[in-house]
Amino acid sequence: MIALLTYPPLGHSFSLSPFCAKAALLLDYSGQPWRREDTNDPRTAPYRKLPAIRTAEGRVIGDSDAIRLYLEGLGADFQPGLSDIEKAFSRALIRMAEEHLYFHVVLDRWGRDEVWPTVRQMYFHELPALLRKPISNGLRRSLMRGMDAQGLGRFSPQERLERAEQDLGAITDLLWQGPYLMGATVTLADMSVAPILNAIRQTPVETPFALRVAGDPILTEYIDRVEEAVHGPKTARLTA
Ligand SMILES: N[C@@H](CCC(=O)N[C@@H](CS)C(=O)NCC(=O)O)C(=O)O
């Protein structure tokens, strides 16, 4: 059976990581039997990031896109009926969510002084109290240096909100056309975009960004619709 190496749940969400939540959607959609293996330590995973899967043969595959390719190799079709142009469009949407909106999540959780104490407690509560502050502050500093180099870290919170708003607007425009991003059925783009939106909504302190998504019925109903379409009823979700 496939094991999904994942960060633990966050509230009622599958994981505090949207990429781990995406991997869970891919696995359920693929129909392969799998189980979760929770860890807070990504250091031994490929690329030192989670999610990763351990296949039945013992191969470890890191990165949600590589997990998608592996599952496609086993026969999963995450985009049934889509044309090549629709698939290209879908890929661009996924990149918008994972390579732009995601970094807004990172900054909202790690970059705001009023959120940081709550995030630190949630992410690092397993560390001995004496080590918790120095280790977590060191990680925070290195993450913020990365965000500065990436560029998004140089915008003010208000500028970031305005930038993210344009992505949220694009997603909303698509959802006026149908229940899912690519139309009538759930596809790969939804399995990437919905977990990122959910991560925004689930930021543990009520930031303007979190409230923006949490207060938008089109987006929140969409997140829940995708999860339900793939995972089934809510109760099954955390125990997979
Ligand atoms: N491109 C990767 C991104 C995975 C990722 O960014 N994981 C984060 C958590 S959301 C992580 O493990 N970060 C640990 C670190 O950077 O030290 C994917 O699609 O799986």
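Indexing begins at 1, ligand by ligand and atom by atom, following the structure's order.
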* Asked: With the threshold set at 4.0 Å, does a side-chain nitrogen-carboxylate oxygen contact exist between E159 and R154?
  -> no
* In terms of side-chain geometry, is the basic nitrogen of R145 or D148 positioned less than 4.0 Å from the acidic oxygen of its partner? -> no
* May I ask you to check whether Y123 and Y7 place their ring centers less than 6.0 Å from one another? => no
* Who pairs with R141 by side chain to side chain donor-acceptor pair (under 3.5 Å), at least two apart in sequence or on another chain? -> none
* Asked: When clusters are formed by joining ILVMFWY residues with side-chain heavy atoms under 4.5 Å apart, either directly or through shared neighbours, do Y29 and M1 land in the same one?
  -> no
* To do: Taking only heavy atoms of the protein into account, state which residues are under 4.0 angstrom from an atom of ligand 1, in chain and number order.
  => Y7, S17, F19, R48, K49, L50, P51, D63, S64, Y102
* Asked: Is R36 close enough and on-axis enough to F14, meaning under 6.0 Å and within 45°, for cation-pi?
  -> yes
